[in-house]
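Order of the sequence lines sets the chain letters (A, B, ...), proteins ahead of strands, with each chain counted from 1. These numbers come from the heavy atoms of this one structure, side chains and all, not from hydrogens, waters or symmetry mates.
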Amino acid sequence: MSKTLLMKGNEALAEAAIIAGCRHYFAYPITPQNEIPAYLSRRMPEVGGTFLQAESELAAISMVLGAAAGGVRTMTSSSSPGMALKQEGISYIAGSELPCVLVNVMRGGPGLGAIAGAQGDYFQATRGGGNGDYRTIVLAPGSAQELADFTIDAFDLADEYRIPVLILADGYIGQMSEPVVLPEPTGKTFKKPWALTGAKGRSKNIIASMKLIPDTALEEHNLHLQEKYDLISENVRRIETYHTDDAEWLIVAYGTAARIARKAVDRLRAEGVKAGLFRPLSLWPFPDRELYELARNAGKVLTVEMSLGQLVEDVKLSVNGAVEVDLYGRAGGAVPALDDIIERIKSYERENHTHVQAS
Amino acid sequence: MSAKTIPMYKRPEGLTDVRTHYCAGCGHGIVHKLIAEALEELEVLDRTILIAPVGCAVLAYNYIEVDGLEAAHGRAPAVATGLKRALPDRMVISYQGDGDLLAIGTGETIHAANRGEDITVIFVNNAVYGMTGGQMAPTTLEGQKTLTSPYGRNPADVGFPIRACEVLDTLESPVYIERTSVHNPASVRKTKKAILKALKYQKDGLGYSFVEILSMCPTNWGVEPVTGAEWVKDAMMPWFTLKKFRDRPEEKKEEKQAS
Amino acid sequence: MTEELIIAGFGGQGVLLTGRLLCVAAMRLGKQVSHIPSYGAEMRGGTANCSVVISDEDIASPVIERPSIVIALNGPSVAKFEPRLRPGGLLIWNSSLVKQAPTRSDLVLVSLDAADRSLSEGTERAANMAAIGALLKLKPDIVPMEAVEAALDEVISARNRKHNPVNLRILHAGYEITKTINAA
Ligand SMILES: Cc1ncc(C[n+]2csc(CCOP(=O)(O)OP(=O)(O)O)c2C)c(N)n1
């Protein structure tokens, strides 16, 4: 086993990309993800890779499209306003069924907002911020270690399903240093006969999102994509649960918010309240069935997020009216306060509520 | 020296009386002051809108006593275009850094200039991305080490530093293009003249004017403020020649009368 | 044991490094640690700071609202963080540079002429070491001195390792001159 290092989340992710075999990285500077390009500008030359600082995020994502079409593992990273610009390219990459890894180290918005960590891009990430009927896999790490581990996973998922995989971290996860054991490569390899490598000895390959002929071509393409998304929805459901077996209260949270919620579970249990944590690690596909079962057993659900009502929509879709769902959200760089989570649940307990107030 | 010849510097009316957030030895504050003085002299403080870039000068509107507007990163010339076309008799300044103007906003820069928008672009070139902590900029010099060019800028890989004035000088429309600097008092005075002229042309409705100002960023260059000023002269000026590239108000006036 | 520390000072006073040093020392002893800097424009002018959590348990948030310990290496840091300490908290402040002494009566206030200690060893840059020494004396359950000594070589870049003997001397000086406090 390799040594435990004190690593910044952003750097752990960057090194993991190298371990995963990524040798083509393109980005435009933006806080709070700047350590990723800074790190890779040093490391890529050492491993014979390409680091290129693009002139904009519009350009960076287009460079990723090009590299992915060439069949190599490629990545770009940014933060919220920069991710907004990348949506054009992400839509094209999804339509062209190209594999790549995207990283959003979220900050507060809207607009230029501020640089402290936030989770306000949940909708943008999970609903597809670009045009058209498409999906990207979205993974939500909650520590520097997971930033590294999920990056390895993300490259394999991208190649397996020919899909962009988005790592959605908040600024605190990216900026924080924690103990990290760098992951091993999985060693999985993927054949890419579709790659544009020159038509030597084969018929030519074309990669394009435009489908004009025949008239039905685009709908067929959409249906084909949908089939793929259905398959991913079955295969890529990632969750972590904590004390959910006998929970009468289920807290749902991801990223930094989930770390605090987990502590709240400990504290509530110490005071005799049976709380548990449901933590989606994949935000798309959202683990709806798993949540539904646990929420129904618990009866009372509180969503904790660093946005003001985004994650809670998926929570509500998952429980589908079976139980009510309350929301505690903070925004603009604020983190949920441990005491507030505890007090919110205890106030229901004091009044003997059988169900929560829908948010 | 007789008392008469000692210049008396006072805070221009157009400069807000607050402490700026700029680092020691940064050039942005100087440029702000020059803009404020020029606007005051032209008596247009009350009909000017300053568009702040995304960059270290993102809060410029807090320091200059005119209306202020934010633009997304690189888009200030496009925002200025929209504003000026909506309010043709107002003064519109697009204030930008090198990342903003020559990387993410290259398209906006060139097209606003090419259309000859009746705006003034003040371009502060400090050879680095200041706000984000010192990454390579389009104007970073050959061999210069930054956060994202840790081995020094290698032109074979990422090209040579772009010279904005020279590029814009290939376009027909601009009325005025000049490159100056703020690394010592004499150049500050020249820069003042350039800014005044650029804004005067806008006031007279003569079209697009562009002033590039070489400026210091000791924090991200990793040097003392004094060394920063020397570095502008020794490292930047050999590549970015100080020069008036274009100054043709008469032609523009004729064009204007003809149309 | 869970301690939530904020370490603050001018850029260049080794604030981030101080935090990393404590984290690595504690991490090697199997404790949970997190370290997060103040970043970006926030750093310009005034104070640079980092938040450090050291705990025997999993760490919830790396962001600290109400620290249990503050190390303030300059005046603006005292002004900014004294009010945020929780009652009973510990404030170690650099009396060589801080003009306005802290005043809260519900805190443990420990003054330390950290910058002068550093200067007396011929460097301006090691006031942070004196402060760590003081911290180790006052809060021995965070990490022992040996763990910090061992972490120095790991945390300090190869280029600067030649200064470690001086760092060690200042670290020990901070430790020696600080009196233990009896828990009230
Ligand atoms: C779409 C988008 N991408 C990236 C950023 C991050 N960002 C803020 S300022 C800046 C660069 C500023 O450099 P420059 O234009 O040279 O101005 P300076 O700070 O040096 O004055 C960047 C990349 C952003 N705010 N928005």
*asked:* Given heavy-atom pairs under 4.5 angstrom as the criterion, report whether the side chain, backbone, both or neither of A:Pro45 touches chain B.
replied: side chain
Could you list each N or O donor-acceptor pair linking chain A to chain B at a distance under 3.5 Å?
from: A:Tyr28; atom 1: OH; to: B:His73; atom 2: NE2; distance (Å): 2.8
from: A:Tyr28; atom 1: OH; to: B:Tyr129; atom 2: OH; distance (Å): 3.2
from: A:Asn34; atom 1: OD1; to: B:Gln135; atom 2: NE2; distance (Å): 3.3
from: A:Asn34; atom 1: ND2; to: B:Thr132; atom 2: O; distance (Å): 3.1
from: A:Ser41; atom 1: OG; to: B:Leu147; atom 2: O; distance (Å): 3.2
from: A:Arg42; atom 1: O; to: B:Tyr151; atom 2: OH; distance (Å): 2.7
from: A:Gln53; atom 1: OE1; to: B:Thr148; atom 2: OG1; distance (Å): 2.5
from: A:Gln53; atom 1: NE2; to: B:Met136; atom 2: O; distance (Å): 2.5
from: A:Glu55; atom 1: O; to: B:Ile104; atom 2: N; distance (Å): 2.6

_I'd like to know whether OH of A:Tyr92 has more than 12 heavy-atom contacts from other residues, nucleotides or ligands below 6.0 angstrom._
no
_Residue pairs, two or more places apart or on separate chains, that pass ring pair (Phe, Tyr, Trp, His ring centres under 6.0 Å) and touch residues 63-91 of chain A_ = none
*What distance separates A:Ile30 CD1 from B:Met131 CE, expressed to the nearest 0.5 Å?*
9.5 Å
